[in-house]
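What you are looking at is a predicted structure, and each value in this text was computed from that prediction instead of being measured. What you see below is based on every heavy atom in this structure, not just the backbone, and it leaves out hydrogens, waters and symmetry mates. Every number for a ligand or one of its atoms is a count from 1 in the order of the listing.
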Amino acid sequence: MTGTGKIERVWAVITPPDTQNLPENPVIMLPAADLSETAPGMYEGAYHRFLKKGTYSVSVYARDISGNVSLPSSTRIIQSADVHIEEIKGDVNGDGFVNLRDALLSLRVLAESDTSGLLHPEYAESGVDVNGDNKIGTAEAVYALRAAAESK
Ligand SMILES: [Ca+2]
Ligand SMILES: [Ca+2]
């Protein structure tokens with residue numbers, strides 16, 4: 001960090017194996033996941049789509065309240081086999097399960113809270129939408145709540 005200000009946001013940008021060597025890397029299009037502070041100085045986040053075999057590069061950035069962005073701290077993650085996640089109806093975050101997380105995420109979308117990096121990256125194309133409008137809304141929230149209740 002260059003500044004000494006309070007950290008406002010920490011996020012990870014994930015470069016999948018097939019995008020690593022593009023000459024003009026459209027960084028803006030890469031998946032990103034926000035990390036939240038779980039203990040002082042400890043940040044955690046979840047990314048579910050390490051699906052393709054190969055090396056992923058993960059760069060973690062931090063921004064303080066005055067807007068200074070840190071140089072990324074980078075790491076590599078090697079996925080040794082192709083992973084197949086079944087696209088299931090109501091799986092709003094694309095992790096392969098329908099549960100409370102999907103319900104909460106749907107509510108966040110409805111409440112227009114920030115959901116960057118949390119949603120299924122190919123939501124509209126994946127066919128997981130519950131009522132076929134390809135938008136995350138009440139139908140998804142109710143569906144996931146019901147699924148969560150039934151699995152108990
Ligand atoms: Ca899910
Ligand atoms: Ca919908």
Side-chain angles (χ1 to χ4, degrees), residues 6-22 25-64 69-70 72-152:
K6 199 173 163 351
I7 290 170
E8 178 191 59
R9 182 178 174 224
V10 177
W11 72 99
V13 173
I14 294 122
T15 310
D18 51 356
T19 47
Q20 219 118 48
N21 297 317
L22 290 179
N25 207 338
V27 171
I28 260 167
M29 299 300 292
L30 293 174
D34 269 17
L35 309 184
S36 48
E37 195 167 14
T38 51
M42 279 278 292
Y43 290 85
E44 285 182 20
Y47 180 71
H48 308 291
R49 314 287 296 186
F50 296 110
L51 304 182
K52 211 169 277 174
K53 186 177 169 176
T55 304
Y56 292 73
S57 134
V58 179
S59 302
V60 177
Y61 297 83
R63 189 178 63 209
D64 67 16
V69 176
S70 69
S73 152
S74 296
T75 185
R76 283 173 190 279
I77 291 179
I78 297 165
Q79 174 60 273
S80 55
D82 281 322
V83 177
H84 178 69
I85 281 194
E86 202 152 343
E87 304 287 13
I88 37 175
K89 220 177 177 183
D91 185 12
V92 170
N93 65 353
D95 66 353
F97 302 93
V98 179
N99 54 29
L100 269 183
R101 284 174 200 280
D102 301 296
L104 290 172
L105 208 46
S106 305
L107 292 174
R108 276 177 78 160
V109 171
L110 278 170
E112 293 173 13
S113 298
D114 184 18
T115 54
S116 56
L118 299 172
L119 304 177
H120 190 314
E122 292 111 42
Y123 186 79
E125 303 83 55
S126 65
V128 302
D129 193 70
V130 169
N131 61 347
D133 66 357
N134 288 338
K135 286 188 201 131
I136 298 166
T138 321
E140 285 68 36
V142 171
Y143 186 91
L145 274 177
R146 209 166 268 166
E150 277 165 13
S151 70
K152 289 272 150 64

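At a threshold of 3.0 Å, the Ca ion (ligand 1) has no backbone or side-chain N, O or S atom of N99 nearer than that distance. Look at K135 and the Ca ion (ligand 2): an N/O/S atom of the residue is under 3.0 Å from the metal. In summary, an N, O or S atom of F97 is located under 3.0 Å from the Ca ion (ligand 1). Among the atoms of N131, an N, O or S atom falls under 3.0 Å of the Ca ion (ligand 2).
Heavy atoms from other residues, nucleotides or ligands lying under 6.0 Å from CZ of R9 number more than 12. Within 6.0 Å of atom CZ in F50, more than 12 heavy atoms from other residues, nucleotides or ligands are found, so the atom counts as buried in its surroundings. E125 CD: more than 12 foreign heavy atoms inside a 6.0 Å radius.
Geometry note: the Ca ion (ligand 2) is the vertex, E140 OE2 and D133 OD1 are the arms, and the angle is 160° (rounded to 10 degrees). Here the angle centred on the Ca ion (ligand 1), running from OD2 of D102 over to OD1 of N93, is 120°, rounded to 10°.
Although no hydrogens or angles enter the test, the distance criterion places no donor-acceptor pair under 3.5 Å between the side chain of S57 and the main chain of T15.
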Practice prompt. Under the salt bridge (charged side-chain N to carboxylate O under 4.0 Å, His left out) rule, what do E140 and R108 come out as? Steps first, then yes or no, please.
Written response: CA-CA 11 Å; E140 285 68 36; R108 276 177 78 160; over 6 Å; no

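Interatomic distance, CD1 of I78 versus NZ of K53, reported as 11.5 Å (0.5 Å rounding).
Distances from the Ca ion (ligand 1) to each N, O or S atom of D95 single out OD1 as the nearest. Residue-level check: among N/O/S atoms of D91, OD1 sits closest to the Ca ion (ligand 1).
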